[in-house]
Amino acid sequence: MNTKTLTLLAALAMFSFAPVHAQTQGTNYDESKVPSYTLPDPLVRNNGRPVKNVRTWEKKRRPEILDLFAREVYGHVPGKPADLHFKVLKENPKAFGGLATMREVGIYFNAQETNYMVLLMYVPNNVKGPVPAFVGVNFKGNHATTDDPEVSMPTADQLRRYGPDFQVEPRNTAGDRWPFETILSRGYAIATFHRADVDPDFHDGFKNGVHPLFDAGNPRTAESWGTISAWAWGLSRALDYLETDPAVDAKRVAVFGHSRLGKTALWAGAVDPRFAMVISNDSGCGGAALSRRCFGETVGRINTTFPHWFCDNFKKYNGKENDLPVDQHELLALIAPRPLYVASASEDQWADPYGEYLSLVGAGPVYALYGFETFTDTAMRPVAVPAVKGRMGHHIRQGKHNILIYDWLRYLDFADKFL
Ligand code: GCU
């Protein structure tokens with residue numbers, strides 16, 4: 001074959017294969033192109049036997065599903081470290097003009113205090129305590145959640161731990177996502193920590209963040225925890241502290257999160273039953289959205305762009321979603337019978353709002369086992385019409401991928417009802 005023929009063949013190959021390639025690699029936003037799929041039944045055990053009561057669900061089936069998510073999706077989450085300890089680093093009893101008391105709490109994961117996170121929390125003043133609380137991870141640092149000048153900027157030691165690419169953003173950059181004064185006026189405490197304190201969000205082979213504390217001496221396997229599991233672990237450590245703070249009722253703590261941190265909140269709520277309520281805001285792929293729909297972000301896409309988020313086993317399902325032994329409705333089912341809110345945004349097609357809602361429907365049978373009403377209608381719900389069924393809440397906010405006051409007001413109403 002001469003060069004000309006080779007070039008021609010190459011051109012033909014590109015011509016004939018490119019569209020197919022583009023289709024598998026491209027993002028599907030067309031409902032008619034969603035592949036047909038069958039969801040695994042949360043109420044059928046691995047041995048094929050049906051689950052007919054709460055006891056069998058709690059003793060047999062729930063542990064099976066939790067184990068499948070740990071082994072095949074997120075990786076195993078370790079427990080409390082032996083040397084965990086806390087120090088109140090700063091306190092301001094007159095935050096927001098006296099509305100609240102602010103605390104910054106050092107949560108140290110080791111005795112040497114080289115691995116830690118700083119929890120920023122506000123507790124409403126003039127409310128008879130202990131009060132219920134919301135806890136969630138933040139994206140950009142505690143200082144970015146508020147204009148409160150008392151909140152510390154990241155220290156040199158934190159910046160060193162975050163890595164050279166970390167950019168410190170100005171105070172209050174993410175303030176619209178954190179309506180502290182509204183939350184506090186409704187009688188709730190609020191607590192948050194920066195994701196990078198627990199694990200900086202880039203792939204360095206799990207050398208930074210909290211992983212080395214546990215991985216040392218245990219070679220990592222395909223089931224080892226990724227970054228989402230590490231953040232979820234951090235949420236449990238925040239709750240460990242809240243259990244020691246007399247101002248907060250640790251039995252009434254809602255865990256919430258937006259986007260990747262919404263995936264994290266769901267997984268934290270599944271792993272740690274102490275969380276009394278779970279809220280997922282635009283959590284999408286690997287969060288509330290069904291993987292088998294392959295609508296918007298897919299398993300293959302997320303594992304390629306964010307290879308550190310999940311465990312290595314999850315990569316086996318890139319482009320093979322039907323082989324997954326679980327789907328995300330079963331993650332939601334692990335929250336049962338606790339109150340669960342799933343929210344989406346109408347323009348956030350990447351996160352598959354319909355797939356997030358169908359997941360809630362798919363978790364319904366487990367809530368029903370506990371005797372609660374559930375969402376059963378498989379038609380897409382209307383935009384800006386929040387609804388509560390039994391212990392499940394749902395809305396689709398008009399607009400883009402974000403967590404805004406509209407979302408928060410719904411979560412506060414939901415918490416008023418159930419916390
Ligand atoms: C990306 C990613 C999503 C994630 C989002 C976020 O868009 O693909 O899975 O939820 O980032 O965390 O903001």
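Note that ligands are numbered from 1 as they come in the structure, with each ligand's atoms numbered from 1 the same way. This structure is a prediction, so every number in the text was calculated from the model and none was measured.
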**Prompt:** So which heavy atom in the protein is nearest atom 8 (O) of ligand 1, and how far is it from that ligand atom?
**Reply:** Glu297 OE2, 2.6 Å
**Message:** Suppose I only count heavy atoms of Lys263 and a 4.0 Å limit; which atoms of ligand 1 are within that range?
**Reply:** 3 (C), 4 (C), 9 (O), 10 (O)
**Minimum-distance protein heavy atom relative to atom 2 (C) of ligand 1** = Phe306 CE1, 3.4 Å
**Prompt:** Is the side chain of Glu297 donor-acceptor paired with the backbone N or O of Ala351 at a distance under 3.5 Å, no angle test?
**Reply:** no
**Request:** Run the salt-bridge test on Asp323 and Lys320 with the 4.0 Å N-O cut-off and return the result as yes or no.
**Result:** no
**Asked** Where on Arg301 is there a heavy atom closer than 4.0 Å to ligand 1, on the side chain, on the backbone, on both, or on neither?
**Response** neither
**Request:** Would you check whether Asp282 has a nitrogen or oxygen atom less than 3.5 angstrom from a nitrogen or oxygen atom of ligand 1?
**Result:** no
**Asked** Has His258 got any heavy atom lying under 4.0 angstrom from an atom of ligand 1?
**Response** no
**Prompt:** Looking at Ile302, which atoms of ligand 1 are within less than 4.0 Å of one of its heavy atoms?
**Reply:** 9 (O)
**Request:** Kindly determine whether His401 and His258 satisfy ring pair (Phe, Tyr, Trp, His ring centres under 6.0 Å), including the steps that lead there.
**Result:** CA-CA 9 Å; His401 185 71; His258 167 63; 4.5 Å; yes
**Asked** ligand 1 versus Thr305, non-hydrogen atoms closer than 4.0 Å: side chain, backbone, both, neither?
**Response** neither
**Asked** By number and element, which atoms of ligand 1 are closer than 4.0 Å to a non-hydrogen atom of Phe139?
**Response** 12 (O)
**Prompt:** So does Glu330 pair up with Arg61, basic N to acidic O under 4.0 Å?
**Reply:** yes
**Message:** Atom NZ of residue position Lys316 - does it have more than 12 heavy atoms of other residues, nucleotides or ligands inside 6.0 Å?
**Reply:** yes
**Message:** When you measure from the centre of the six-membered ring of Tyr406, is the NZ or CZ of Arg410 closer than 6.0 Å and no more than 45° off the axis?
**Reply:** yes
**Top protein contact for atom 12 (O) of ligand 1, by heavy-atom distance** = Arg260 NE, 2.5 Å
**Message:** For the backbone of Val131 and the side chain of Asp249, can you confirm whether one donor and one acceptor N or O come within less than 3.5 Å of each other?
**Reply:** no
**Asked** Are Lys400 and Asp282 close enough for a salt bridge, meaning some N to O gap below 4.0 Å?
**Response** no
**Residue and atom name of the nearest protein heavy atom (relative to atom 10 (O) of ligand 1), distance in Å to one decimal** = Ser259 OG, 2.6 Å
**Prompt:** Which protein non-hydrogen atom lies closest to atom 7 (O) of ligand 1, naming both residue and atom, and how far is it?
**Reply:** Trp350 NE1, 3.2 Å
